[in-house]
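Structure, as structure tokens:
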2 protein chains.
Amino acid sequence: MLSGCTVQELVDRVAGKWSVCILVAAADGPIRFTELERAISGISRRMLTLTLRNLERDGMLVRTVYPTVPPRVEYSLTPMALELHAALLAITTWAERHRTDVALAREHYDARPTP
Amino acid sequence: MLSGCTVQELVDRVAGKWSVCILVAAADGPIRFTELERAISGISRRMLTLTLRNLERDGMLVRTVYPTVPPRVEYSLTPMALELHAALLAITTWAERHRTDVALAREHYDARPTP
DNA sequence: CAGCATCCGGCCAGATACTG
DNA sequence: CAGTATCTGGCCGGATGCTG
């Protein structure tokens, strides 16, 4: 039991590029498919769909369909996902504080005399 | 400037599967190449080397070579990486607390009547 | 011990076209 | 609007062999 659900695999899943973006974008309340597509620059429709399905399957997203025309679908974070979002904030905050440091470190590394 | 160093790219880099493992493994002090190899189950020598190089280039790891025979190389986290490690702890703690929830959500999702 | 070089197969993700 | 289906190519990463 719990196969495919080690801590490593789970971190891997939720820390995935598009997963993070979706979790951040949906943190402020329910959001629609097209809104997500616009909010997350660079994501393809395919990857958006696949990532949404995975997050929904993992119990991170609730998918609500309003039977109107045109159809309207909203995604919202579950409590579990909200907790994760708080933890992710620590990472993104760190990234913002240190992106110049990292850029400088790279320049420095690349400028070394090639051994 | 700062090209290739957006917050998204940076999160992507440091949240990578093997990066996380290395950051965790090296958090308790300097660690040798072979020790990392043993500590991180499933990693290949190639990926260990590549990930170490990237983390070093990004200023997250300091690589110390002791000119002995046989050679001895130790990797230790920089202050910046230690901060990141603390943030990563929030994620792994979350993952530990919720892995059963996620596993159950998956079972439930997979057991739905296929539409 | 701690790597690097090379080859190669698999799968991940983009592009495109179609639908309830 | 919110998807699904199929094809396809690129690159990621494993396997292997060689060195200071």
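Both backbone and side-chain heavy atoms feed into the values below; hydrogens, waters and symmetry mates do not. Each chain gets a letter, A, B and so on, in the order its sequence line appears, and its residues count up from 1.
Comment: B:Arg53 engages B:Glu56 in a salt bridge, judged by a side-chain N to carboxylate O separation of less than 4.0 angstrom.
Counting to the nearest Å, the P atom of D:dC1 and the CZ atom of A:Arg63 are 16 Å from each other. Rounded to whole Å, atom P of D:dA2 lies 9 Å from atom CG of A:Leu36. Protein atom CZ of B:Arg53 is 17 Å distant from nucleotide atom P of D:dG13, rounded to whole Å. In this entry the distance linking CG of A:Asp12 with C1' of D:dC12 reads 14 Å, nearest Å. The interatomic distance linking B:Glu37 (CD) with C:dG3 (C1') rounds to 10 Å, in whole Å. The nearest whole Å value for the distance from the CD1 atom in A:Ile40 to the C1' atom in C:dA13 is 15 Å. The OH atom of B:Tyr75 sits 8 Å away from the C1' atom of C:dG3 (whole-angstrom rounding). One atom, CG of A:Leu52, and another, P of D:dA2, lie 11 Å apart when rounded to the nearest Å.
Remark: the B:Glu9 side chain and the B:Thr6 side chain contain an N/O donor-acceptor pair separated by less than 3.5 Å.
No path of Ile, Leu, Val, Met, Phe, Trp and Tyr side chains, each step under 4.5 Å between heavy atoms, connects B:Leu77 with A:Tyr109, placing them in separate hydrophobic clusters.
Where A:Pro70 and A:Leu50 meet DNA chain D, the nucleotide closest to each residue was compared, and A:Pro70 sits on the side nearer the 5' end.
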Give every donor-acceptor pair under 3.5 Å between a side-chain atom in residues 11-24 of chain B and any protein atom, sequence neighbours left out.
from	atom 1	to	atom 2	distance (Å)
B:Arg13	NH1	B:Asp58	OD1	3.3
B:Arg13	NH1	B:Asp58	OD2	2.7
B:Ser19	OG	B:Arg13	O	3.3

Can I get a per-line list of side-chain donor-acceptor pairs under 3.5 Å for residues 85-92 of chain B, giving both atom names and the distance, sequence neighbours left out?
from	atom 1	to	atom 2	distance (Å)
B:Thr92	OG1	B:Leu88	O	3.4
B:Thr92	OG1	B:Leu89	O	3.1

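In this structure, the ring pair (Phe, Tyr, Trp, His ring centres under 6.0 Å) partners of B:Trp94, at least two apart in sequence or on a different chain, are B:His98.
Here the options are A:Thr78, A:Leu55, A:Asn54, the test is side-chain contact (heavy atoms from CB on, under 4.5 Å), and the partner is A:Leu61; only A:Leu55 passes.
Legend: salt bridge (Lys or Arg N to Asp or Glu O under 4.0 Å) pairs involving residues 77-92 of chain B, not counting sequence neighbours, sorted by first then second residue: A:Arg97-B:Glu83.
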Could you run down nucleotides 14-20 of chain D 5' to 3' and tag each one B, S or - for protein heavy-atom contact under 4.0 Å? BB----B

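Looking at heavy-atom distances under 4.0 Å, A:Tyr66 makes no contact with the nucleic acid at all.
The stretch residues 27-34 of chain A does not touch DNA chain C, since none of its heavy atoms comes less than 4.0 Å from the strand.
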Would A:Leu52 and A:Arg63 count as a side-chain contact (heavy atoms from CB on, under 4.5 Å) here? Give the steps. CA-CA 9 Å; A:Leu52 285 171; A:Arg63 180 172 179 268; over 6 Å; no

